[in-house]
Amino acid sequence: MGKKLTISDFYEMKKQGRKITWITAYDYPIASLSQQAGIDMILVGDSLGMVVYGYDGTVPVTMDECIIHCRAVRRGAPEVFVVGDMPFGSYHCSDEQAVSNAVRFVKEAGMDAIKLEGGTRVASKISAIADAGILVIGHVGLTPQSSAALGGFKAQGRTAESAEAVIEDSIAVEKAGARMLLVEAVPPELAKALRDIVKIPVLGIGAGADIDGQVMICGDILGYFQAFTPKFVKKYADVAGVIINAIKEYIDDVQKSKFPAPQHTYSIMPEEKDKFDKMLKKYIK
Ligand code: KIV
């Protein structure tokens, strides 16, 4: 068994300038393969709404859906630090609601931490969850759950005023008790500044390389999420192409009776062959 990294390891990595690697996974196979590849952290992101369920955004995702996927990922990657993503509506109503849903991620799905979106406006929720002894990761910049309020899936912090708002949000998240920060879709200069402004590890998506680590959506980097590809994605594989070609070959083999071949079938026991042939004659003249 490998050793699962802890929050102290991530602080040490920030101190030493060693990058933290993070990927999303929503199911057992991708979790298991990510663990085998040596990833530091997995996020069971609410992006599962788009990547797994085909919704236009993350808003419809429910707590029960998240818990089911978190459990599968936990089973696939027992040696990886796994983070559950709190879906829209699961922490917005009250501090009590935020705590009881965060507890579900830990108790029912064995998550090591939870992530939630927002800065100053969710500070009391972060404090309440942290006070319950649960590790919280903040998420600022582009926050997809509030994309309608932000005017769409738009990069943030591109003006001095908007950049200052992202900085203030990050400071609020750290003060409230979050132990790591995810910053999404902001200019690299802002992300680099954030890395030095807050003490907690700052990970990014679409925020440049000058931060403590990166997260990417598995369907994007593996090339099987086809609905859209953000500018910040690098494709490391064409899994969609591999799958389509494999299924095409299977269709062709079946249509031409090339599959199944003898090695894919079960034989009748040799000592039963005569009895079997006699029995068949009753049915086939
Ligand atoms: O849900 C998700 O996958 C995210 C990404 C921005 C990493 O939060």
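On a predicted model such as this, the values are computed, not experimentally measured, just so you know. Both counts, for ligands and for their atoms, begin at 1 and track the order of listing.
- Interface atoms of ligand 1 facing His139, defined by a heavy-atom separation under 4.0 Å, are 6 (C), 8 (O).
- Residue Tyr266 belongs to no hydrophobic cluster, having no ILVMFWY side-chain heavy atom closer than 4.5 Å to its own.
- Atom numbering of ligand 1 starts at 1 in the shown order; those under 4.0 Å from a heavy atom of Asp85 are 1 (O), 2 (C), 8 (O).
- For Thr58, no heavy-atom contact with ligand 1 is shorter than 4.0 Å.
- Near Gly45, meaning under 4.0 Å from any of its heavy atoms, are these atoms of ligand 1: 1 (O), 2 (C), 3 (O).
- Side-chain contact between Phe88 and Val61 is absent, with no heavy-atom pair separated by less than 4.5 Å.
- Remark: minimum distance from atom 4 (C) of ligand 1 to any protein heavy atom is reached at Leu43 CD2, 3.7 Å.
- Separation of the His69 and Tyr53 ring centroids falls under the 6.0 Å cut-off.
- For Val239, the side chain to side chain contact (heavy atoms under 4.5 Å, CB included) test picks out Leu222, Tyr224, Ala237, Ile243, with sequence neighbours left out.
- The shortest N/O to N/O separation between Glu117 and ligand 1 does not fall below 3.5 Å.
- Listed by atom number, the atoms of ligand 1 under 4.0 Å from Lys115 heavy atoms are 8 (O).
- When all heavy atoms of Ala191 and Val183 are compared, the pair lying nearest together is CB-CG1, 4.5 Å.
- Minimum heavy-atom separation, Lys4 to Phe81: CG-N, 3.7 Å.
- Annotation: side chain of Met41 is not in contact with side chain of Val82 (no heavy-atom distance under 4.5 Å).
- Considering backbone and side-chain N/O atoms, Thr24 never comes within less than 3.5 Å of an N/O atom of ligand 1.
- The distance criterion of under 3.5 Å between nitrogen or oxygen atoms is not met by Tyr26 with respect to ligand 1.
- Between Glu184 and ligand 1, no N or O atom pair is found at a separation short of 3.5 Å.
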